[in-house]
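We name chains A, B, ... by the order of the sequence lines, and we start the count at 1 in each one.
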2 protein chains.
Amino acid sequence: MGRIRTFTEVEVARTARQVFWDRGYEDTALPDLERATGLNRSSIYHSFGSKRGLFDAAVENYLDEVIRPRLAPLRGDTVESAALETYLLGLHAAMTEGHTALAANGCLLLNATGSPLGRDASLQTVVAAYCDDLRTAITAGVAARRADLDEAEQKSLAVTCTGLVFAAMAIVRVNAAAAGDLIEAALAQVRR
Amino acid sequence: MGRIRTFTEVEVARTARQVFWDRGYEDTALPDLERATGLNRSSIYHSFGSKRGLFDAAVENYLDEVIRPRLAPLRGDTVESAALETYLLGLHAAMTEGHTALAANGCLLLNATGSPLGRDASLQTVVAAYCDDLRTAITAGVAARRADLDEAEQKSLAVTCTGLVFAAMAIVRVNAAAAGDLIEAALAQVRR
DNA sequence: CGTATTGTGAACTGACCATTTCACTATAGA
DNA sequence: TCTATAGTGAAATGGTCAGTTCACAATACG
């Protein structure tokens, strides 16, 4: 009974994610989203309720398909000793070699923090949770790689490493080379 | 001959700086600026040409009156050995103790990076220069404090320390405690 | 006083935006 | 064919915004 859906919300959220990532929330207008998703305004509003609703779906998708896959190797019960280095090398490559979305646009969430949307409490909560996830994952990676350190030293190293990753993401759009240096510094600390 | 000026552009830029810092460029409307400066639109446009012109003046003022005074002790010919720690402790205090503009709003420039304005090339240049100044100053501070290290080690430490400061500024609005941890990590590295 | 400059007030322009609405088309199963 | 659901197209609504314009008021100097 009735016509079948010709799109899935995940696909649309993924497409919208890229647009928001490229142009930022405020600079993305409805016509941009219509064009990119191939959907009409009416359909977008029917599925997501508002531009903000679509953005929230895009953020979910960003976490699911961009952030968490990268962090996954750091989150198992038994973390490979090389996992953290692999993660950092992956970041470094993304930032310096190719024209990846990450190098060109930085982090979708961190960027939103400085934009008008960053005054929104619910978005701040999402960013804070992301920040926490990142620190937890890196802490696990540090523990696996640097079993020679005591717990306090591991924790301190994890904070440093997390901070360097954050700084790199915050600055990469403006100065990719500097971002690469930051990741290299993190690698050096992890390896020492 | 003729009426005397009743305001200086520096005063106005300083006031506007605070408004832009609190609310961000995009969320600051002309009426906000009129109210804060006590000036009429017409006067603002006569002195600064555009909203963007006033913002640029506010950024100049931010660098002159907020950033550079903090970095000054790190920039002399002979840098005090304790200068870097003093700088970091000042940042830490601003971020955790009081309700300072820095803790509440983060860094005016870094915030702008993620906003629509962050796509503007000339703003990116300003941010990149600021980033460079910061690294240079911290490098001098590291050299003064850690004469025991060789040059390569000093450089690596300086990059790490700069990154941690950046990360703290990028995250402080969302999570001031985490920002404080980052500065503490930087202190620990400098002192070791 | 005369004149040049500084500043105000208020209305207006033109653009852009998210959101709503609705008549219409398309496609599925019964 | 009937009906329910999916999706389109286009116009309208109401709001906000930066920037412009201009007649007018205030204040300085000669």
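A cation-pi arrangement, defined by a distance under 6.0 Å to the six-membered ring centre and an angle within 45 degrees of its axis, is absent between A:Lys51 and A:Tyr45. Figure legend: cation-pi geometry between A:Arg5 and A:Phe7, with NZ or CZ positioned under 6.0 Å from the six-membered ring centre and within 45° of its axis.
Nucleotide D:dC17 holds its P atom 8 Å from the CG atom of B:Asp32, rounded to whole Å. Straight-line distance from the OH atom of A:Tyr45 to the P atom of C:dC17: 12 Å, rounded to whole Å. Going from atom CG of B:Leu54 over to atom P of D:dA18 covers 11 Å, rounded to whole Å. The CZ atom of B:Arg5 sits 10 Å away from the C1' atom of C:dG7 (whole-angstrom rounding). Spacing between atom CD of B:Glu34 and atom P of D:dC17 amounts to 12 Å, rounded to whole angstrom units. Distance NE2 (B:His46) to P (D:dT20): 13 Å, rounded to an integer number of Å. Straight-line distance from the CG atom of B:Leu30 to the P atom of C:dA11: 17 Å, rounded to whole Å. A:Phe48 has its CZ atom 16 Å from the P atom of C:dT20, to the nearest Å.
At the phosphate of C:dT8, neither OP1 nor OP2 sits under 4.0 Å from any side-chain N or O atom of B:Ser42. A close approach under 4.0 Å does occur between a side-chain nitrogen or oxygen of A:Ser43 and OP1 or OP2 of D:dT8.
When atom types are taken as modelled, the side chain of B:Thr100 and the backbone of B:Ala94 share a donor-acceptor pair closer than 3.5 angstrom. B:Trp21 places a side-chain N or O within donor-acceptor distance of the main-chain N or O of B:Gly106, the cut-off being under 3.5 Å. Panel note: side chain A:Thr96, backbone A:His92; a donor-acceptor pair is recorded below 3.5 Å.
Looking at the side chain of B:Leu39, the nearest of the listed nucleotides C:dT19, C:dT8, D:dG19 is C:dT8. When distances are taken from the side chain of A:Ala29 to each of D:dA18, C:dT19, C:dA18, the shortest belongs to C:dA18.
You won't find any donor-acceptor pair under 3.5 Å spanning the side chain of A:Arg3 and the base of C:dA28, going by distance alone. Counting atom types as modelled, A:Asn40 pairs no side-chain N or O with a base atom of D:dG7 as donor and acceptor under 3.5 Å.
Map B:Thr6 and A:Ile4 each onto its nearest nucleotide of DNA chain C; the residue landing nearer the 5' end is B:Thr6. Nearest-nucleotide positions on DNA chain C for A:Gly49 and A:Asp27 put A:Asp27 closer to the 5' end.
Counting any heavy atom pair closer than 4.0 Å across all strands shown, B:Gly38 reaches sugar-phosphate atoms only and no base atom. Among the protein residues, B:Ser47 comes within range of no part of the nucleic acid, since none of its heavy atoms lies under 4.0 Å from any strand.
Side-chain contact of A:Asn61 with A:Arg17: a donor-acceptor pair under 3.5 Å is present, judged by distance alone. In this model, a donor atom of one side chain and an acceptor atom of the other lie less than 3.5 Å apart for A:Asp22 and A:Asn105.
From one end of the helix from C:dC1-D:dG30 to C:dA30-D:dT1 to the other, with five pairs defining each end axis, the axis direction shifts by 0° (rounded to 10°).
A salt bridge between B:Asp120 and B:Arg52 is present, with a side-chain N of the basic residue lying under 4.0 Å from a carboxylate O of the acidic one.
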